[in-house]
Structure formats: structure tokens, C-alpha cells
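The structure appears right after this line, and notes come after that.
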Amino acid sequence: MESTAQRNDITLERVVSSKALKMGNSFSCQVCVAGFLSGVCLTYFFLAALTSSGNVEFGGFSFLPASLGTLSQNASSSDVFNNGARKLHSQKNEELDRKEKIMLLYSAWTAMLNKSEDNNDSQLWSKLGLNISQVPKAPHMENCKSSAQVNKFLDSRRENERNPGWANWKGLLRMKVQQENSTVDTEQVHAEKMFKSKDAYPPWISGSDEDNFPSTRKVQHDIWIHQHPLNCSDPNLRFLVVDWETKPGYGIGAQLAGMIGFLAIAINENRILVTNYFNRADHDGCKGHSRSHWSCYFFPETSIECRDRAFELMKRQEAWDSGIVTGKQNYRSKDIWAGHVPKVWGDPWLYLQPTTEINGSLVRHHRKMDRRWWRAQAIRYLMRFQTDYTCDLLNVARHTAFGLQAAEMVLENLPEAWPEAVTNKPLSDMEQYVWREHKPWIPRPLLSMHVRIGDKACEMKVVGFEEYMRLADRIRKRFPNLKTIWLSTEMQEVIDKSMSYPNWKFYYTNITRQVGNTSMASYEASLGRKMSTNYPLVNFLMATEADFFIGALGSTWCFLIDGMRNTGGKVMAGYLSVNRDRFW
């Protein structure tokens with residue numbers, strides 16, 4: 001039996017438990033208990049953070065863990081505040097210093113772009129507080145003079161050789177081997193045999209055969225051989241000499257389409273095409289012999305020897321009478337704009353891969369597949385190599401659009417002491433001959449979009465900018481890392497609407513654009529000949545390098561961009577068009 005004391009203890013415990021239960025059910029008690037437990041938890045986690053991290057900053061104050069002593073007896077609250085303020089100030093200074101360095105690097109690259117013979121180099125770099133040896137290479141800019149030298153090498157025949165210096169080796173590697181031929185060993189002989197192989201194809205074609213229109217490498221090889229005969233003085237050679245179209249209503253796209261027609265005539269009649277006056281190159285940006293000629297922007301369509309021979313024959317009436325030389329006046333408009341596509345290579349257009357989509361469906365066949373294939377081959381040949389002038393234009397465009405982003409990227413890999421620490425060293429062979437062949441950096445993936453509306457409505461069905469963006473969103477659903485668009489348009493309305501798409505980053509050239517229904521001829525006249533030629537060509541070439549493209553096949557300009565992409569290794573990137581060509 002339980003003792004009296006035990007019973008009293010049990011009774012007391014029950015009474016206390018009952019009281020506690022009643023108190024626990026009261027609201028005020030619940031609040032107190034919750035507050036107490038919360039305090040315990042906060043204290044626990046706070047102390048855990050202190051002991052694990054070494055210190056905690058909160059509101060500018062620095063707290064030390066108990067293991068290191070709470071606050072030093074000699075430290076006042078103002079010392080703690082000043083310490084925190086100094087750290088915050090230091091962080092702000094570091095961020096400010098980083099931004100200043102980004103701007104310094106960007107400014108240095110800008111100065112290098114703007115350099116001319118009239119500039120005083122010492123004054124230029126003195127203003128920046130730099131010397132050129134402290135400036136790292138700009139990844140988004142190309143060495144235009146070096147590229148022009150390599151391209152000239154690739155666009156010329158070696159003495160007594162049928163084919164130019166093409167090979168399975170890239171340009172500078174090929175040049176290096178030729179320069180280092182003091183000792184001829186077995187490997188050297190093997191290399192030379194490879195270089196002279198008749199199977200070597202033009203170096204301006206990228207990607208595999210499946211990444212280009214059918215027969216692209218063969219066609220480009222044959223056009224170059226046709227346009228560069230071994231002996232331009234051969235009496236059996238015949239020439240077609242023409243100026244570019246100069247009518248005010250003709251845009252660059254129409255001018256190119258016309259010249260493509262003449263190239264087809266030249267091949268069909270076994271003539272050498274020689275282009276003459278190009279009004280869009282008649283400005284002070286094109287220097288010397290290249291002024292007023294296609295060769296201001298791209299390598300000429302034939303050799304200097306053949307040009308000189310053709311111009312010499314033009315002065316002889318008997319050359320015209322005998323048909324050795326012909327010109328535009330010898331052909332009907334239909335022959336130029338809708339003439340026969342060369343069939344030297346059979347019917348390769350019958351094998352075009354269906355990678356163009358219109359209204360949600362892939363286009364498998366249409367009435368002008370032959371013309372689409374031929375225009376692609378012709379525009380690729382005419383634009384096979386850029387001159388240093390065009391290269392400079394692209395450098396400026398890339399630097400304006402991507403320069404700050406490139407500077408931030410490069411700065412992350414420079415020593416903290418830059419620019420005091422000199423980083424540039426002599427280039428290794430890998431850097432000079434191998435990595436140099438990579439194209440200039442641009443943020444990828446990149447979508448190019450050419451929006452053509454305005455007065456184009458008289459030639460094709462036009463759609464609003466919203467439809468272009470709907471197609472852009474479709475691409476991004478498949479490629480979610482796509483965030484940037486290179487926007488090409490003549491209309492200010494389109495630029496304004498792009499502001500309504502904050503989830504996209506747009507890049508575009510900074511020029512005055514059309515407002516309302518101003519005609520293209522009037523708009524181009526307002527820009528001036530130089531600007532109205534340079535900025536469209538920059539947009540055109542940027543579109544050919546982009547990962548994806550959205551345009552309107554009803555526009556000749558978009559049609560030609562499509563051709564350049566389909567002979568530049570981008571067939572499988574596809575083409576989303578808002579409409580179809582009006583002749584299909």
C-alpha cells in the first residue's frame with residue numbers, strides 16, 4: 001500500500017498538472033511560451049553562426065564569437081562602427097575600381113579602332129595613362145590588316161600553278177610552312193603535294209557539305225577558276241563588263257540581284273564578268289583605286305590582270321563588234337533578272353534540305369528552287385572575302401554593341417594590379433597560327449532579325465513586329481539560353497516596340513531611322529551615300545554570322561541573307577520566315 005506521503009505527492013502532482021494544463025490553455029500563456037521558445041531558437045542559431053563564421057556583420061557592426069572574446073574592453077562602439085564603415089567603403093571602392101578599369105580597357109580598344117595616320121600615338125596613350133603593351137587583345141575585334149593579307153594570299157595563284165594556295169590547312173598555317181621551307185624534308189614534300197592537290201576547296205566555305213546547299217564547295221571552286229583564268233591575254237577569252245544599277249529606286253538588294261543575273265549570263269556564255277562603276281562606293285571612305293568599285297567592300301570578282309585586259313578591249317570597237325566584249329545593252333531585262341540558271345553542275349537544287357518554315361510548315365518545293373540555289377552561290381562568291389575597310393566597319397559595330405561586355409569578360413582574367421602589371425607577351429605559334437583562325441567573339445547564341453515593313457507593302461505581305469517576336473519566342477522555347485537579338489530595321493517604330501520586350505536584349509546600329517511611310521529612296525538620300533551603304537552591309541554580315549535568323553523571304557535582302565547563311569554552314573540552323581517570296 002502507498003504511504004500517506006506518497007499519496008500526498010501524487011495528489012500534489014495531479015493538482016499542479018491540472019493547473020498547468022489550464023494555464024496552458026490560456027491565450028496569454030501560449031503567447032509567452034511561444035515567445036520564450038522563439039527566443040531560445042534565435043539565440044541558438046545566432047550563436048551557431050558566430051562560432052562557425054568567425055564574425056557577423058549586421059547593419060555595419062562587426063560581432064565576434066565568444067571563443068575570441070566578445071568585444072575587446074578597449075574597443076568602443078564607435079570603433080566597431082568605423083570598422084564596418086571602412087569595410088563597406090572598401091567594397092564600394094573595389095566595385096568602383098573594377099568599373100573604372102572596364103571603362104579604361106574599353107576606351108583603350110576604342111582608341112585603337114579610331115587610330116589613324118594623323119593621330120599622335122604618344123599623346124593618345126598619354127591621355128589614357130597607358131601604353132599599348134598594357135592593352136590585352138580584344139576578343140571581339142579582328143586584326144583587319146593581317147586578315148586582308150591572308151585573304152589576298154588565298155585569293156591568288158602561285159606562279160605556274162593552276163589552283164591558288166588552298167589546302168586542308170588554314171591560311172596562316174599554310175603561309176608559315178612556305179616561309180619555313182629552308183630545309184625540305186619528307187614531311188615538307190608531303191605537305192607541298194597536299195597543297196597542290198586539285199581536290200583542295202575554297203577556304204571561305206564553313207561547315208560540312210550537309211551544312212551547306214548541295215555542291216557548294218564544288219561550285220565555289222569552279223566559279224573562282226572561271227573568273228581567274230591562267231592567262232588573261234588569251235585571245236580566246238571573252239568578257240562581260242557592266243556597271244552596277246544606279247536607278248534611285250534600287251536598294252542594295254536589288255543591285256546585288258542584278259549582278260547575280262550578270263554572273264549567270266557570264267558563266268552560261270563562258271565570259272569573264274568584270275564589274276565597273278559601283279555608285280554606293282563613290283564616297284570618301286573608299287580610297288584609291290577601290291573608290292566607286294565593289295573592291296572597296298569585298299575582294300574583286302576577277303583578277304587585276306583580267307580587269308585591265310577587259311578595259312583595254314573596251315576601247316576597241318572591233319572587240320564590241322565581234323562580241324569579245326559585251327555589256328548591259330546587249331541583254332534584255334528578262335535575261336538579267338529572270339534568266340537561265342547555270343546548269344554546269346546539274347540540278348543540285350532538287351536536293352535542297354527543307355529547313356525553311358513558313359506558317360508553321362517546312363517548305364519542301366516551290367517554283368524557284370533553282371534561283372534560290374543559284375543566288376546563294378553567287379552572293380557567296382561575290383562576298384567571299386571582306387576588305388580591311390569592311391572588316392573595320394564590323395569591328396566598330398561589334399565594339400559598340402559588345403565592347404563593354406567583352407572588357408568585363410577580359411578583365412576577370414587580368415591580374416588585380418592591371419594596368420600596372422604588363423600582361424602582353426610575344427605570341428606563341430599556337431596563338432599566332434592556330435587560334436587566330438577563330439572568328440571574333442560575339443555573345444552566343446545570337447538571333448538576327450530583319451524587320452522589313454514600311455513602303456515594302458507594295459511588293460510583299462508585311463506583318464507586324466509582334467509576329468517576328470512570336471517566332472523568336474518559339475526558338476527560345478527550344479533553346480532557352482537564347483536571350484539576345486541583333487535587330488536590323490529601317491523603321492523607328494520597330495525600335496520603339498522592342499522596348500516592350502524586357503526579357504530580350506536587343507542590339508542595333510545607332511542611326512536615324514524612317515518614320516511613317518517615307519520611301520526607301522528618300523530615306524537613303526537623307527542618310528547620305530556612305531552611311532546608307534555601310535550600315536546595311538554591317539547588318540547583312542552580322543545576320544550571316546548569327547546562330548538563328550528570322551526574316552521575310554518576300555524581301556530580296558532577306559532572300560540574300562538566307563543565301564549567305566546556306567553557303568556558310570548554317571543550313572541546319574533553319575530559317576523562320578514571316579512570308580514567302582512573291583514568285584514562289
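Keep in mind that this is a model prediction, so the values were computed, not measured.
The only member of N539, V538, T533 that meets side chain to side chain contact (heavy atoms under 4.5 Å, CB included) when paired with Y535 is N539.
Smallest separation of non-hydrogen atoms from L446 and A546: O-CB, 3.5 Å. For the pair V241 and V325, the tightest heavy-atom approach, listed with the atom from each and the gap, is CG2-CG1, 4.2 Å. Nearest heavy-atom pair, Y250 versus R280, reported as atom, atom and distance to 0.1 Å: O-NH2, 3.3 Å.
If you check the side chains of S555 and R452, you find no donor sitting under 3.5 Å from an acceptor. Side chains of T356 and R372: a donor on one and an acceptor on the other come within 3.5 Å. No side-chain N or O of N566 forms a donor-acceptor pair with one of W373 less than 3.5 Å apart. Donor-acceptor pairing under 3.5 Å is lacking for the side chains of D222 and Y381. No side-chain donor from either of E301 and W294 sits under 3.5 Å from a side-chain acceptor of the other.
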Steps toward ring pair (Phe, Tyr, Trp, His ring centres under 6.0 Å) verdict (F465, Y501): CA-CA 11 Å; F465 182 58; Y501 296 87; 5.7 Å; yes
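E493 and K497 are joined by a salt bridge, as a carboxylate oxygen and a charged side-chain nitrogen come within less than 4.0 angstrom of each other. Taking the charged nitrogens against the carboxylate oxygens, R375 and D562 have no contact shorter than 4.0 Å, which rules out a salt bridge. Between D211 and K570 there is no salt bridge, since none of the side-chain N atoms of the basic residue sits less than 4.0 Å from a carboxylate O of the acidic one. Using a cutoff of 4.0 Å between basic side-chain nitrogens and carboxylate oxygens, R398 and E545 are not scored as salt-bridged. With respect to D243 and K328, no salt bridge is recorded, no charged nitrogen being found less than 4.0 Å from a carboxylate O.
In this pair, Y106 and H399 present their aromatic rings parallel. The plane angle is below 30°, not in the 30 to 60° band. Using the six-membered ring where Trp is involved, Y331 and F262 have ring planes that are perpendicular, over 60° apart on the 30 and 60° scheme.
Heavy-atom neighbours of I304 CD1 from other residues, nucleotides or ligands within 6.0 Å: at or below the threshold of 12. Sparse packing is recorded around CG of N510, with 12 or fewer heavy atoms of other residues, nucleotides or ligands lying under 6.0 Å away. The 12-atom threshold is exceeded at CE of M409, counting heavy atoms of other residues, nucleotides or ligands nearer than 6.0 Å.
Note that CH2 of W504 is 4.5 Å distant from CD1 of I485, once rounded to the nearest 0.5 Å.
Remark: N279 pairs with T246, Q255, Y277, R529 by the side chain to side chain contact (heavy atoms under 4.5 Å, CB included) rule, at least two apart or across chains. For C558, there are no disulfide (SG to SG under 2.5 Å) partners, not counting sequence neighbours.
Checked against a 6.0 Å centroid threshold, the rings of F540 and W557 count as neighbours.
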